[in-house]
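Here the structure comes first, spelled out in structure tokens, and everything after it is commentary.
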2 protein chains.
Amino acid sequence: MTEAMTPSDAKTWTSETVAGDLERAIHEHRLPPGTKLGEDELGEAYGISRTLVRAALQALSYRRLVELKRNRGAFVAQPTVAEAREVFEARALLEPRTAHSAAVRMTDAALDELRAHITAEHDALREGDTGRALFLSGQFHILIAQVADQRTIEAFVSELISRSSLIIALYWRRRAAMCESQAHHALIDAFEARDGVLAEELMKNHLLDLMASLDLRNLVPRPQSLREALGR
Amino acid sequence: MTEAMTPSDAKTWTSETVAGDLERAIHEHRLPPGTKLGEDELGEAYGISRTLVRAALQALSYRRLVELKRNRGAFVAQPTVAEAREVFEARALLEPRTAHSAAVRMTDAALDELRAHITAEHDALREGDTGRALFLSGQFHILIAQVADQRTIEAFVSELISRSSLIIALYWRRRAAMCESQAHHALIDAFEARDGVLAEELMKNHLLDLMASLDLRNLVPRPQSLREALGR
DNA sequence: GTGAACTAAGTTGTATACGATATTGCGCTC
DNA sequence: GAGCGCAATATCGTATACAACTTAGTTCAC
């Protein structure tokens with residue numbers, strides 16, 4: 001399921017690191033929406049007791065990455081179309097202005113880091129690791145909030161990015177072109193020029209493009225797992 | 001500490017209801033910033049084991065209302081000046097546009113509810129219950145996000161409102177005039193007229209006024225509890 | 001008398017045990 | 001053979017037990 005399954009690594013896991021590991025697995029689509037996350041199973045996988053597993057699952061449920069159903073267990077969340085719209089609505093409010101702030105405060109070191117992200121994303125795609133590419137693409141957005149020096153907004157954006165990855169897993173229309181890094185390249189240019197207004201506009205359009213590449217018509221919500229589809 | 005202390009009520013508490021009860025107590029300033037929240041103490045107060053208490057404290061720590069210090073325990077959070085600025089920065093991005101949406105979608109029933117909130121706030125103030133007044137004042141903002149039909153943004157705003165109450169506890173300048181409901185009255189008028197542009201502008205100014213009524217100079221961060229002041 | 005070190009008490013961190021609930025499969029009835 | 005009901009199994013919910021850490025208090029050395 002995750003690399004934690006290999007019994008060889010002797011890492012000592014905490015609820016936080018387990019939550020992070022699971023979040024990354026979800027973000028990279030190694031754990032697709034609807035996957036059952038059994039407590040015993042996870043505990044054995046990580047070599048910890050259910051106590052810590054439950055803490056990690058709770059943390060993920062607060063970020064809406066995992067849905068906790070009483071007496072039924074934890075499942076990787078399956079955002080509805082309405083929820084998908086809400087997530088991008090929130091991103092539209094937060095990210096453009098944050099990109100503006102980031103452009104103003106941009107440092108050369110941060111620019112290098114952003115460029116490194118794009119390079120790594122390209123490499124991952126060339127290796128066919130679309131999951132890792134998607135993850136890196138998300139980190140790009142989070143890094144922008146970090147540069148803007150807004151940790152509260154960063155936390156919100158981080159959650160929204162992860163949820164976006166679930167939305168992409170469910171509603172992505174054209175599989176071919178991943179998160180087109182064209183937009184990220186253009187953003188970097190704006191950052192390099194410290195052009196806040198341009199960065200804000202580019203981010204706004206980037207998010208609109210992303211949303212446009214999704215199929216958010218209310219046709220078939222994708223039955224997925226028979227019973228889950230009926231919400232029971 | 002909270003009404004849960006009275007042993008008479010036979011309510012069965014869950015981690016969620018305990019978290020909600022604690023959050024309200026924090027919001028109403030019955031649990032001031034820096035208060036130690038001992039697990040055994042809380043467990044006895046609510047008549048539950050530490051397991052559920054820990055779950056509730058974790059939930060509150062994800063909302064940044066409680067700070068968890070490893071092997072030290074849980075404390076009501078004490079936002080720094082920088083954090084206070086971040087919270088209001090985030091609110092400035094989220095709430096005005098959300099007020100705009102709310103104005104467009106406003107219903108008569110929601111208008112009545114908003115008015116009821118203001119009335120209840122006045123009553124609380126007249127009774128000298130400033131804590132309850134502050135809580136209701138916050139609920140007013142959350143209700144707006146509900147009307148806007150944005151549950152994701154509502155969750156963010158809800159967190160920011162609660163954190164704002166901590167900020168007010170620490171940095172409020174003029175004790176007399178609580179969250180001046182003048183602004184809320186004006187917002188209701190804009191909502192009644194379904195004037196989105198006006199509501200957005202009023203909300204923006206309301207937040208600026210609120211921030212202006214705080215003392216966010218970096219003078220003395222308020223030592224509070226001697227050792228806590230040194231971050232140890 | 002000051003300081004360090006050790007000891008003891010208290011609190012949190014984690015695992016485990018037990019009870020409650022949901023689900024599955026079997027067998028019975030019709 | 002179809003449908004219902006009951007039992008068995010599996011999983012989650014909560015409490016409790018024990019280990020680890022922090023902290024406070026005391027003693028001893030200097």
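Below, chains carry the letters A, B, ... as their sequence lines are ordered, and counting in each starts from 1. Remember, it's a predicted structure, so these values are computed and weren't measured experimentally.
- With ring centers used as reference points, B/H184 lies under 6.0 Å from B/H206.
- For the pair B/Q58 CD and C/dT14 P, the computed distance is 10 Å after rounding to whole Å.
- When each of B/T17, B/L52, B/V53, B/V18 is paired with B/Y46, the side chain to side chain contact (heavy atoms under 4.5 Å, CB included) condition holds for B/V18 and for no other.
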Heteroatom pairs (N/O) under 3.5 angstrom, protein to nucleotides 6-11 of chain C:
none

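- Here D/dT11 presents its P atom at 9 Å from CD of A/E41, a figure rounded to the nearest Å.
- Annotation: salt bridge (charged side-chain N to carboxylate O under 4.0 Å, His left out) contacts of A/R85 (sequence neighbours excluded): none.
- Looking at A/L216, A/D215, A/I168, A/L214 one by one, the single match for side chain to side chain contact (heavy atoms under 4.5 Å, CB included) with A/R173 turns out to be A/D215.
- For the pair A/S49 and C/dA15, the criterion of a side-chain N or O lying under 4.0 Å from OP1 or OP2 is met.
- The distance from atom CD1 of B/I48 to atom C1' of D/dT16 is 14 Å, rounded to the nearest whole Å.
- Atom-to-atom, CH2 of B/W13 to P of D/dT14 comes out at 14 Å; the value is rounded to the nearest Å.
- In this structure, CG of A/L52 is placed 6 Å from C1' of C/dT14, rounded to the nearest angstrom.
- Side-chain contact between A/T35 and A/F75 is absent, with no heavy atoms from C-beta onward closer than 4.5 Å.
- When rounded to the nearest whole Å, the span between CZ of B/R50 and P of C/dT12 equals 7 Å.
- Residues B/F140 and B/I118 are in side-chain contact: their nearest non-hydrogen atoms beyond the backbone lie under 4.5 Å apart.
- Residue B/R70 contributes atom CZ, which lies 13 Å from atom P of C/dT12 at whole-angstrom precision.
- As a whole-Å value, the separation of A/L68 CG from D/dT14 C1' is 15 Å.
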